[in-house]
Chemist: 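Can you read through this structure? Questions will come right after.
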Number of protein chains: 2
Amino acid sequence: MTITLSIPDTDAENLPLEEQAYRRLRQALVEGVFAPGEKLSIRRIAEALGTSPMPARTALRRLATEQALDALPSGTVLVPRLTRAAFQEVSAIRAELEPLAIRLAASRVEAGTLDALAAVVAEQDAARAAGRPELCLQKDREFLFGLYRRAGAPMLLGMIEALWLRRGPLFWGARWIVMGSPPEAAHRHGAILAALRRGAGEEAALELKTEIERMTAFLSGALQFQGDAAIPRPTRARG
Amino acid sequence: MTITLSIPDTDAENLPLEEQAYRRLRQALVEGVFAPGEKLSIRRIAEALGTSPMPARTALRRLATEQALDALPSGTVLVPRLTRAAFQEVSAIRAELEPLAIRLAASRVEAGTLDALAAVVAEQDAARAAGRPELCLQKDREFLFGLYRRAGAPMLLGMIEALWLRRGPLFWGARWIVMGSPPEAAHRHGAILAALRRGAGEEAALELKTEIERMTAFLSGALQFQGDAAIPRPTRARG
DNA sequence: GGCCAGGCTTTGTGATCACATTTTTACGGC
DNA sequence: GCCGTAAAAATGTGATCACAAAGCCTGGCC
C-alpha cells in the first residue's frame, strides 16, 4: 500500500531538508491532499520525500505542535478528523483574527496592491464559472493572504496560516463543495476591496467577518460530520 | 560561562524526553527565566537537561515553530527580543482571542468554578499587597487560564498560550513592573467574575478586552524598548 | 591603534543504529 | 465462523557519529 505523495516542490533548494519537508507537508495539508484520519509515519514520509527519517521526523513533530496534525499517545501522528465543534471553533477564531488582519492592512495597503488583488478576484470568478473548484480555492487563498500579508503582522499571519492548516483536510475529496456555496456567502471579496479603496478598514473587516460566518454556516450544513469525529463525503476511495 | 537553567520540573516521569524538554522550556519561557536575546544552543540545553542533544533539538525546533523562539538563518535559536511593534501585535491578538474565550466560557462555567476563581483573585490581591510580583503574575495566569480552560476550545487555548509564551521574555528581570500598574488597569478580574455570575458573557468579554488594552498601554510606556529591537530594564546582569 | 586574515571552536544538520513499544498479522482453539 | 493469543513487522524514541557551515578569537599587517 504505497501512498502517492503528490507533494508540491518548494523552490528553495538550499534550505535544510527538514524545512523543505515541513513546507511541503504544510502545503499538502492546506490543499487537502491527505485524507483525514490518514496515518503519517516517519519512515513512510521520509521515503516519499527521498530523505532519511530524520527530517521527516522533525517536520511531523513541528506540524503536530501547531496542531496541524493529531498525535496519538504512542507518538504516531495522523491527519486530524475535524469534529463539527472543532470546525466551528476554527471558524470562530478565524472570524476574530482575519478581520483584525484586514483592519491592520487597511492603513498600509496601496492602490497598486488593490488592483492586483482585484485581478485575483476576477480570476477566482472565472475559475468558478469554469467549474474548477481547486483553482477557485487557490485564488481564494491568494486573495485573502495577499491582503493579510499587507498587515505587517508576522505573528498574526502565522496564526491565520495555522488555522487554514487545520481546516485543510476538510476539503479532501470535497473541493467540489465550494461550487455549491450560495452567492451571498462568497463573492464578498469585491465588497472588501471597495471598502478598502474608500479607506474604510472597519467596514472591510466587517465584510470579511460576515463572509466567514456565512461560509461557516454553509459548510456546517454541507459537510458530513460522521458521529462525533469526522469528515466530508469522499468522492472516491484512496488507491 | 555556564548558564543556570532553573527549569521547573514537570510531574510526568514517563513522558518522552523530548516532551519533557519541550514543557520545561515552555514553562521557563512564560516565567521569563530566559533573557531576551539569549542564545539557546542544542548541546547546552541538552546538558542542562541531562539528556542527549536529540530531545533538546526537537524541543527547540518546536518552540521556534510556534514563534516562541526566534530562529537565525544559521539555525541557531534565541529568545526573542520583542520590539514595540511586536509587543503591540501580540496585545492586539490577545485583545481579540481572550475575550472570545471568555464568551465561550460564559455559557459553560459553573458557580463552583467562579467561586474558586474568586479565591485566586483574592490571592492575587494579597500577593500584590505583599509586594510579591512573581506570585502576582502567577495568580494572574492562574485566574485567566482557569477561565480559558472552561471555554472548551482546545485550539483557542493553545493559541492563547502561544501568545503568552511570546510575551514571557518581556518580564525577564522586570517582574517588579506589574507592581506599578495603575489600579484601573488591573483589578478588573472582579468585574469579570461579577459579569459572569450575571450570565453576561459579552460584558465580561468587554471587561477583559479593556483590561488588556489598558495594560498594554501601560506596559508600552513602562517597558524600555531599545531602538527597534528590545527589552525591559534588567534589574541585574546575568551570572 | 584599527583592520583583516587565519585557524580553532562551536553549532546545526542529517544519517545510522539500537531498543522498547505498539500495531498488525496469522494461527489455533472454542 | 469468531475471538483471543502469540509471533512478526513496523513504529517512535533517543544516542552517537560525521560533516559542513558559522562564529570567535588571536595574531599579524597596514
Chemist: Is there a side-chain contact between A:K39 and the phosphate of D:dG12, meaning an N or O under 4.0 Å from OP1 or OP2?
Modeler: no
Chemist: Can you confirm whether B:R81 sits close enough to B:D70 that some side-chain heavy atom of one is under 4.5 Å from a side-chain heavy atom of the other?
Modeler: no
Chemist: Does the distance from a Lys or Arg side-chain N to an Asp or Glu carboxylate O, for B:R62 and A:E66, drop under 4.0 Å?
Modeler: no
Chemist: Pair up each side-chain donor or acceptor in residues 89-100 of chain B with any protein partner under 3.5 Å, not counting sequence neighbours, and list the distances.
Modeler:
unit_1: B:E89; atom_1: OE2; unit_2: A:M155; atom_2: N; d: 2.8
unit_1: B:E89; atom_1: OE2; unit_2: A:L156; atom_2: N; d: 2.8
unit_1: B:S91; atom_1: OG; unit_2: B:F87; atom_2: O; d: 3.0
unit_1: B:S91; atom_1: OG; unit_2: B:T216; atom_2: OG1; d: 3.2
unit_1: B:R94; atom_1: NE; unit_2: B:E98; atom_2: OE2; d: 2.6
unit_1: B:R94; atom_1: NH2; unit_2: B:E98; atom_2: OE1; d: 3.3
unit_1: B:E96; atom_1: OE2; unit_2: A:R103; atom_2: NH2; d: 2.9
unit_1: B:E98; atom_1: OE1; unit_2: B:Y148; atom_2: OH; d: 2.4
unit_1: B:E98; atom_1: OE2; unit_2: B:W164; atom_2: NE1; d: 3.0

Chemist: Partners of A:Q88 by side chain to side chain donor-acceptor pair (under 3.5 Å), sequence neighbours excluded?
Modeler: A:S220
Chemist: Ion pair present between B:E19 and B:R23, side-chain N to carboxylate O less than 4.0 angstrom?
Modeler: yes
Chemist: What does the B/S/- profile of nucleotides 5-19 of chain C look like, 5' to 3', with a 4.0 Å heavy-atom cutoff to protein?
Modeler: ------BBBBBB---
